[in-house]
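Residue numbers start from 1 in every chain, and the chains themselves are labelled A, B, ... in the order their sequence lines are given, proteins ahead of strands.
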Number of protein chains: 2
Amino acid sequence: MNDTKTKILDAAEELVQQVGPNAMSYQQISAAVGVRKASIHHHFPKKENLVEVLLSRCHVVYGDRYKAIVDGTGTAPDKLRKLADVFAEGLRNEQLCLVGTISADLNTLQQSSRMILKTTIQETVGIFAVVFNQGLQEGSLAVAKCTEENAYAFFSFLLGAQISARACGGVQSFRSATEVIISSWENSRC
Amino acid sequence: MNDTKTKILDAAEELVQQVGPNAMSYQQISAAVGVRKASIHHHFPKKENLVEVLLSRCHVVYGDRYKAIVDGTGTAPDKLRKLADVFAEGLRNEQLCLVGTISADLNTLQQSSRMILKTTIQETVGIFAVVFNQGLQEGSLAVAKCTEENAYAFFSFLLGAQISARACGGVQSFRSATEVIISSWENSRC
DNA sequence: GACAGCCATCCTACTGGTAGGTAGGTTGGC
DNA sequence: GCCAACCTACCTACCAGTAGGATGGCTGTC
């Protein structure tokens, strides 16, 4: 992968996380990277291309991060907290998860981008579900048997908590809300 | 309140719920309402004015709806389900809660708009918290004593679930995720 | 090794379209 | 007579995207 191409993607990713895909412009990327706007069009002819590549990259990078947590050591509740930490991290720079910002602008997206987004969410939920399976097996989580639904609910919560925390309450509120959700699943309290 | 002014607000609200405040334009409102763009500027000189009035109206209207549910009859879990129904309703037309879409575009907002948004979230969470208090008193909810944190977590979840459901899964996924969260708080399962 | 051709990269300069916003005029009810 | 409501016509700024030229490294050929 070309160096400039990567720089463009990095700058675009940061912008999208800050202001969303619609408010992000090639002009801003141009200023951030230090190449002309036309050069960005050379690498990503249409903005939709850029957003799609961004989504795909995010799909791989964060998929691996989540998998590393899921396949690592620790109890299921520990792993849920580690997954939440990934979202708390971005929040420190007032940035949202790529999937979150792009989903918020869903109705302005191309059909192809929506499909990639959908797949990304489905696979992320699939990875998260492994933790709930572990929680059921080791008895650390008191959740319903359909672990996919729990994983989907947890992922949805993380998206929303990031958005509301940025608008009101910050990282502290995000953490306490996360603790509320995870502890309600923990078996110890029963 | 003037008739045209209300029509403008209604059209703007629908557009914001569909595509967010940034992608919503005076041109689109003009087409929807049937008045010229300049006339919209007559009622709302700057776009930020419009967004702020929209937020304030949403604050009042939905505040009343939430209060009606909270002050009504039923157990705490019932009321949480009714609150979730309000969010499920908008989702049927691929529309998000105003607070959700506007929060997603937070970094492109004026400081004054952010303050209104923050207040709206805080007061909404305050209303939601009453349900958790009820749940503690009647013993129907097994939650930590800080009901504000639970209410904040629940509100955050609803925002996120609406966004992810629109992108992936639809109303059905929204409902099952909501059930996962509420039932994890219900005391009956312990 | 020298040279010719090629293509990716990046540039300047531009287009058409749309955004938010303004100036100033007309109308009609109080 | 006045003012709110609404209009036409316009402005500047910015957007995504394009045309076409310069550069420079890589490759095949002699």
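The separation between Phe44(A) atom CZ and dA8(C) atom P is 16 Å, rounded to whole Å. Between the C1' atom of dC15(D) and the CG atom of Leu50(A) lies a distance of 15 Å, rounded to the nearest Å. Between the CD1 atom of Ile40(A) and the P atom of dA16(D) there is a distance of 10 Å, rounded to whole Å. Protein atom NE2 of His41(B) is 15 Å distant from nucleotide atom C1' of dA5(D), rounded to whole Å. A straight line from NZ of Lys46(B) to P of dA13(D) spans 14 Å, rounded to a whole angstrom.
Put simply, the side chain of Gln110(B) does not reach to within 4.5 Å of the side chain of Lys46(B), judged on heavy atoms.
Within residues 29-38 of chain A, the residues having any heavy atom closer than 4.0 Å to DNA chain C are, in order of number, Val35(A), Arg36(A), Ala38(A). Taking a 4.0 Å limit (strictly below) on heavy-atom distances, residues 10-28 of chain B does not reach DNA chain D anywhere. The stretch residues 98-113 of chain A does not touch DNA chain D, since none of its heavy atoms comes less than 4.0 Å from the strand.
Taking only side-chain nitrogens and oxygens, Lys7(A) never comes nearer than 4.0 Å to OP1 or OP2 of dT9(C). Phosphate contact (OP1/OP2 of dC6(D), side-chain N/O of His43(B), threshold under 4.0 Å): present.
Applying the ring pair (Phe, Tyr, Trp, His ring centres under 6.0 Å) test to residues at least two apart or on different chains, the pairs with a partner in residues 12-37 of chain A are Tyr26(A)-His41(A). Applying the side chain to side chain donor-acceptor pair (under 3.5 Å) rule to pairs touching residues 161-174 of chain A yields Ser164(A)-Ser156(B), sequence neighbours excluded.
For the pair Leu117(B) and Ala167(A), the tightest heavy-atom approach, listed with the atom from each and the gap, is CD2-CB, 3.9 Å. Taking every heavy atom of both residues into account, Ile40(B) and Ser30(B) meet most closely at CD1-N, 3.4 Å.
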Let me have the donor-acceptor pairs involving side chains of residues 74-88 of chain B, under 3.5 Å, with sequence neighbours excluded, atom names and distances please.
from, atom 1, to, atom 2, distance (Å)
Thr75(B), OG1, Asp78(B), N, 3.3
Thr75(B), OG1, Asp78(B), OD2, 3.1
Lys79(B), NZ, Val70(B), O, 2.7
Lys79(B), NZ, Gly72(B), O, 3.0
Lys79(B), NZ, Gln134(B), OE1, 2.7
Arg81(B), NE, Glu179(B), OE1, 3.1
Arg81(B), NE, Glu179(B), OE2, 3.3
Arg81(B), NH2, Glu179(B), OE2, 2.6
Arg81(B), NH2, Glu186(B), OE1, 3.1
Asp85(B), OD1, Arg175(B), NH1, 2.8

Tell me which donor-acceptor pairs under 3.5 Å the side chains of residues 121-131 of chain A have, and how far apart each pair is, sequence neighbours excluded?
from, atom 1, to, atom 2, distance (Å)
Glu123(A), OE1, His59(A), NE2, 3.2
Thr124(A), OG1, Thr120(A), O, 2.7

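With sequence neighbours left out, the side chain to side chain contact (heavy atoms under 4.5 Å, CB included) criterion links Thr108(A) to Asn22(A), Asp105(A), Val19(B), Ala23(B). Leu136(A) is linked by a side chain to side chain contact (heavy atoms under 4.5 Å, CB included) to Val143(A), Thr147(A), counting only residues two or more places apart in sequence or in another chain. Considering only residues two or more places apart in sequence or on other chains, Glu149(A) meets the side chain to side chain contact (heavy atoms under 4.5 Å, CB included) condition with Cys146(A), Ser176(B), Val180(B).
Paired with Ile8(B) under the rule side chain to side chain contact (heavy atoms under 4.5 Å, CB included), one option of Ile29(B), Val53(B), Leu54(B) passes, and it is Ile29(B).
The 5' end of DNA chain D is approached more closely, in terms of each residue's nearest nucleotide, by His42(B) than by the other of Glu48(A) and His42(B).
Inspection of the Ser112(A) and Glu52(A) side chains reveals an N or O donor paired with an N or O acceptor under 3.5 Å.
By the 4.5 Å side-chain criterion applied to Ile, Leu, Val, Met, Phe, Trp and Tyr, Ile163(B) is assigned to a cluster that also includes Leu96(A), Ile163(A), Leu96(B).
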(message) Can you give me the dot-bracket string for DNA chain D, 5' to 3', counting Watson-Crick and G-U wobble pairs with both distances under 3.5 Å, using [ ] for crossing pairs and | for partners on another strand?
(response) ||||||||||||||||||||||||||||||
